[in-house]
There are 2 protein chains.
Amino acid sequence: MSQISWQAIRGEVERRVSTGIWRPGDTIPSEAALAEEFACARATVNRALRSLAEDGMVERRRRTGTRIAPLPSPKARIPVPLLRAEVEATGAAYTYRLLRRRLAAPPALVAQRIGLRGRLVNLRALPLAGAKPYCLEERWLNPEAVPGLLDVDFATVSANEYLLAHVPLSKGTLALSAAPAGAAEAKALATGIGKPLFEMIRTTWSGTCPVTTVRLLFPPGYRLETVV
Amino acid sequence: MSQISWQAIRGEVERRVSTGIWRPGDTIPSEAALAEEFACARATVNRALRSLAEDGMVERRRRTGTRIAPLPSPKARIPVPLLRAEVEATGAAYTYRLLRRRLAAPPALVAQRIGLRGRLVNLRALPLAGAKPYCLEERWLNPEAVPGLLDVDFATVSANEYLLAHVPLSKGTLALSAAPAGAAEAKALATGIGKPLFEMIRTTWSGTCPVTTVRLLFPPGYRLETVV
DNA sequence: TAGTGGTCTAGACCACGTA
DNA sequence: ACGTGGTCTAGACCACTAA
């Protein structure tokens, strides 16, 4: 068989963009036209162009057609970190120390992030790599989103792992930034006040129901790496 | 028609996972079996399961079948930031000031990142939002990867935009971290020494040929946000 | 209204990896 | 060897949206 693969079509489109045959902003031929050119089924072209669209290289709209993204920028996939896996990948033992657990109304900033104003479960925890603090975790959980949440012993199960196993996490936001260590954070992470911490704030919904918002603070030296 | 959609199948699989019918680590029925259950074509089931696999919720292997990921973790897409677009989205005018341009051998750390030891083009630049420094850019370019690079006037065209338009960027790495401001960085970004900066290091190849490595330092307050 | 992408079908063959 | 996912085909209808 001399069937052309969707990867080959994708590659040819990329080649035409990189050699300037098609330039950013250009509208390219329709799926039907390309299918004829490559002598393949339209579904195969569709597969290739859909793949490019997912990577941000082309933009597709009905009726208007497919065009090369004005600023083709590949999108990086970063895995939402699984602390246990990250720690164990370094060879260290992963442990999880619960520092605080309470039921409280969240501060305004947190309430705004998660879109809830009532009483939430608040956890402060310290995932460890061996004996070393790996990060500081400040979490707020919506008890109405997680059946049985109030009975979970978070001293033995990390909230993250409990949620992954019990709640279908559908959507979420992720914010990354740098923040100075406050007194409490410096102490928990065994670093100095004002030191640059890597901050990750994640808020998650299950459908339209807010589930949790968590702020992770990583000590100086932490790096989040990925491949584009 | 009462055709079932691949999204519906995906939703049903998610439901079965979230309700515990299928648990992390379980192998689920084959595509053919599911197609029969849902009375649809196998391609439709394939589309649904492939979508779930791309999001990290299931793992698929030939012969072995499809199983629920032991730790189902959604993967975040973060857009590689386009400074101009980011700045202009805030309503400010984007400008780009070239602080330094020279031909030099990179320091060991940079040489290791990009995998080159010879003389490279080194740029230091300051993208601005209005009159305010947006970030500090330290870039190393491989002149052999970019035809005509030595003749480009980077005082009027930002290196990033030049590259996007002239080089097919295929692969790259991205590292995010927090770093303290040194004296030069604090001055350029109008902040204090030791303040936490958000650091982004991006290295890009065109095929197997190293093109550029760039380190962006963002002043305190910068946030990289995305949706999972 | 018409053109484009989005999707589903039914069938086929292939590639891979376990046994 | 054989079962599973990976992919391609040819055709069809639908959904969206600009003209």
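These figures come from a predicted structure and were not determined experimentally.
The side chain to side chain donor-acceptor pair (under 3.5 Å) check on B:Ser177 picks up B:Glu199, with sequence neighbours excluded. Shown here are the side chain to side chain donor-acceptor pair (under 3.5 Å) partners of A:Ser51, two or more places apart in sequence or in another chain: A:Arg10. In this structure, the side chain to side chain donor-acceptor pair (under 3.5 Å) partners of B:Arg50, at least two apart in sequence or on a different chain, are B:Asn46. With sequence neighbours left out, the side chain to side chain contact (heavy atoms under 4.5 Å, CB included) criterion links B:Glu37 to B:Arg16, B:Leu34. With sequence neighbours left out, B:Thr27 forms a side chain to side chain contact (heavy atoms under 4.5 Å, CB included) with B:Arg67. Listed by chain and number, the residues in a side chain to side chain contact (heavy atoms under 4.5 Å, CB included) with A:Glu36 amount to none (sequence neighbours excluded).
At D:dG6, none of the side-chain N or O atoms of B:Arg50 fall inside 4.0 Å of OP1 or OP2 (strictly under the cut-off). Within the structure, every side-chain polar atom (N or O) of A:Asn46 is placed at least 4.0 Å from both OP1 and OP2 of C:dG5.
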Polar atoms only, N or O, under 3.5 Å: list the protein pairs with nucleotides 17-19 of chain D and their distances.
residue, atom, partner, partner atom, Å
D:dA18, OP1, A:Arg61, NH2, 2.8

For nucleotides 8-12 of chain D, print each protein N/O atom paired with a nucleotide N/O atom at under 3.5 Å, atom names and distance only.
residue, atom, partner, partner atom, Å
D:dC8, OP1, A:Ile4, O, 3.4
D:dC8, OP1, A:Trp6, N, 2.6
D:dT9, OP2, A:Ala41, N, 2.9
D:dT9, OP2, A:Thr44, OG1, 2.3
D:dA12, N6, A:Arg42, NH2, 3.1

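Scanning all heavy atoms of the two residues, the minimum distance from B:Ile9 to B:Phe38 falls at CG2-CE1, 3.9 Å.
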Under 3.5 Å donor-acceptor pairs involving side-chain atoms of residues 220-228 of chain B, not counting sequence neighbours:
residue, atom, partner, partner atom, Å
B:Tyr222, OH, B:Glu86, OE1, 3.2
B:Tyr222, OH, B:Glu86, OE2, 3.1
B:Thr226, OG1, B:Arg77, O, 2.4

